There are 2 protein chains.
Amino acid sequence: MTAGASGRDGGRRTRLLVVDDEPTILELLSASLRFVGFEVRTAESGTAALAVAEEFQPDLLVLDVMLPDLDGFAVTRRLRAGGAHVPVVFLTARDATEDKITGLTIGGDDYVTKPFSLEEVVARIRAVLRRTNADLAEPGEDRDDGVLRFADLELDEDTHDVRRAGRLVRLSPTEYKLLHYLLLNADKVLSKAQILDHVWRYDFAGDARIVESYISLLRRKIDTVDPPLIHTLRGFGYSLRLPRA
Amino acid sequence: MTAGASGRDGGRRTRLLVVDDEPTILELLSASLRFVGFEVRTAESGTAALAVAEEFQPDLLVLDVMLPDLDGFAVTRRLRAGGAHVPVVFLTARDATEDKITGLTIGGDDYVTKPFSLEEVVARIRAVLRRTNADLAEPGEDRDDGVLRFADLELDEDTHDVRRAGRLVRLSPTEYKLLHYLLLNADKVLSKAQILDHVWRYDFAGDARIVESYISLLRRKIDTVDPPLIHTLRGFGYSLRLPRA
DNA sequence: AACGAAGCTGAAAGCCGGCTGAAAATCACA
DNA sequence: TGTGATTTTCAGCCGGCTTTCAGCTTCGTT
């Protein structure tokens, strides 16, 4: 993880409260959010969420809209009644008669539909934090401008522009998410399974070999100039890095 | 958020007092007004509004006419008794009798009917502030003239004139609001849900696919000349921008 | 040098997101 | 109330995207 890329804000770690009634989802999310550097607390119901929030004072909520007791909206409203504006990333079912997806993007909030990919959730959380912090922050030097860079490669999270050696490249959604994941983990070795688990939605049934296909597509689009940045570590996985001496 | 587009006036942020007795509406409004850069305080009754106004000294009020205790008019009257003319944007039910609505727009005030779209409310607030500030401001350089421009596209917030390449275009209300929202967020990627949440009234029950239809209508009217400005980012949303390199 | 394992890539099928025209429903206004 | 404009839904189409797979190449090992 790039310094300050996720979960850190100066000295103190960013606090997330994750709320979902399915233990599987809760486990999946909290584990990977902790792994990318956030301080995570969880709750399995709306009322529990309110109680935990009171004491934990999270910087952001990841909140299932469909909860057994209070739904996500009610939780949000109660939490903000005190004036403080806690940003929220909502989780919502894609197929379930999607009548409720209104008003989820108000005030800097955002939402992700289930089944999501971890890549997606982390990206949304980071985007929301960036937006809400940008309002408060001084226009100083090292403010997070939402552009990920590695060597002569850059990816703008706001405009979705991707450039290699200054040249703009058009990527499909999956190609974009894959590259995003590689950039966030530059220099690290990522196994195909790992990539699959983060970039593809958690209900994907297919083979991990699809990652090979996408690496191939991505190489053609961004890695045909010197030096090559996407490297295969046979038997282990892939890594975005400068060629070793 | 465009620099200085909303909520900022030189160094100090513009202060809004939002008054409504429905917590949902209050939350909806304050969240999105904060997000576009205003400093927001809220109240749930007429008397509470007077108390907060006393101490907060808002630059403008967003005021529901129908309140449990003092109605919007009474609040306005008392507030202006001291001589200071605080501008007001009233919120009123659509079915309100005609005579109630009359007189709301005198003295630089304006009104919006419920259920409104956020786009609408923000536009009215900005318009009222622009008018009242225009009276006071020096005829300096960067005074807000209420015209949004992007490339050879322009939209006049006062006259509602829209021109592409100098050519005047007639837009329906929704087409106008959609374009307005795109212009305020030029270059940013906006999801269909985001557009729906901001351009359509908050009680809209339908599908986000209606946005596709309106993008199509808008393209036919303003985007049939080179270069195309409305771009689709498959899987992500739309963006008003110049074609990349 | 030969072998097997791992990875690469082009082709192809099917899917899905987005575009558009048409029709229905609703609204604005005379 | 009638008329035209506007809003909303919807189905069919198109094209790009995803996914699979087979054949080939590369690599590591013996």
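Keep in mind the model is a prediction, meaning the values are calculated, not measured.
A straight line from CD1 of A:I215 to C1' of D:dT19 spans 16 Å, rounded to a whole angstrom. Look at CG on B:L218: it is 12 Å from P on D:dT7, rounded to the nearest Å. For the pair A:E212 CD and D:dT20 C1', the interatomic distance rounds to 12 Å; values are reported in whole Å. Taking atom CG of residue A:L171 and atom C1' of nucleotide D:dC17, one finds them 13 Å apart after rounding to whole Å. Between A:F236 atom CZ and C:dA6 atom P there is a gap of 12 Å when expressed in whole angstrom units. Here the P atom of nucleotide C:dG17 and the CG atom of B:D207 are 12 Å apart, to the nearest Å. Taking atom CZ on A:F204 and atom P on C:dC15, their separation rounds to 15 Å, with Å as the unit. Between the CG atom of B:L233 and the C1' atom of D:dC17 there is a distance of 15 Å, rounded to whole Å.
Here A:Y176 lies out of heavy-atom contact (under 4.0 Å) with every strand. When heavy atoms are screened at a 4.0 angstrom cut-off, B:R170 is found touching the sugar-phosphate backbone but no base atom. The residue B:R209 sits apart from the nucleic acid: no heavy atom pair falls under 4.0 Å.
Between B:K192 and the phosphate of C:dG17, there is no side-chain N or O to OP1/OP2 separation shorter than 4.0 Å. For B:W200 and D:dT8, the shortest distance from a side-chain N or O to OP1 or OP2 is below 4.0 Å.
Comment: A:D20 engages A:K114 in a salt bridge, judged by a side-chain N to carboxylate O separation of less than 4.0 angstrom.
A residue-by-residue look at B:S172 and A:K221 shows that B:S172 has its nearest nucleotide of DNA chain D further toward the 5' end. Mapped onto DNA chain D by nearest heavy atom, A:G206 and A:R234 fall at different nucleotides, with A:G206 at the one closer to the 5' end. Two residues, B:G237 and A:Y214, neighbour DNA chain C, and the one matched to the more 5' nucleotide by heavy-atom proximity is A:Y214.
Exactly one residue among B:H198, B:H180, B:R201, B:R124 makes a side-chain hydrogen bond (donor to acceptor under 3.5 Å, both in side chains) with B:E119. That residue is B:H180.
Distance from the side chain of A:R219 is smallest for C:dC8 among the nucleotides C:dC19, C:dT9, C:dC8. Taking every side-chain heavy atom of B:R220 into account, C:dT20 is the closest of C:dT20, D:dT19, C:dG10. Here the nucleotide nearest the side chain of A:S216, chosen from C:dT20, C:dT9, D:dT6, is C:dT9. For A:P173, whose side chain is taken as the heavy atoms from C-beta onward, the closest listed nucleotide among C:dC19, D:dC17, C:dG7 is D:dC17. In the set C:dT20, C:dC8, D:dT9, the nucleotide with an atom closest to the side chain of A:Y238 is C:dC8. Counting only heavy atoms from C-beta on, B:S213 has its side chain closest to C:dT20 among C:dT20, D:dT20, D:dC17.
Atom CZ of A:F204 has more than 12 neighbouring heavy atoms from other residues, nucleotides or ligands inside a 6.0 Å radius.
Centroid-to-centroid, the aromatic rings of A:H231 and A:Y238 stay 6.0 Å apart or farther. Aromatic pair B:Y181/B:W200: ring centres not closer than 6.0 Å.
No side-chain donor from either of B:R209 and B:S213 sits under 3.5 Å from a side-chain acceptor of the other.
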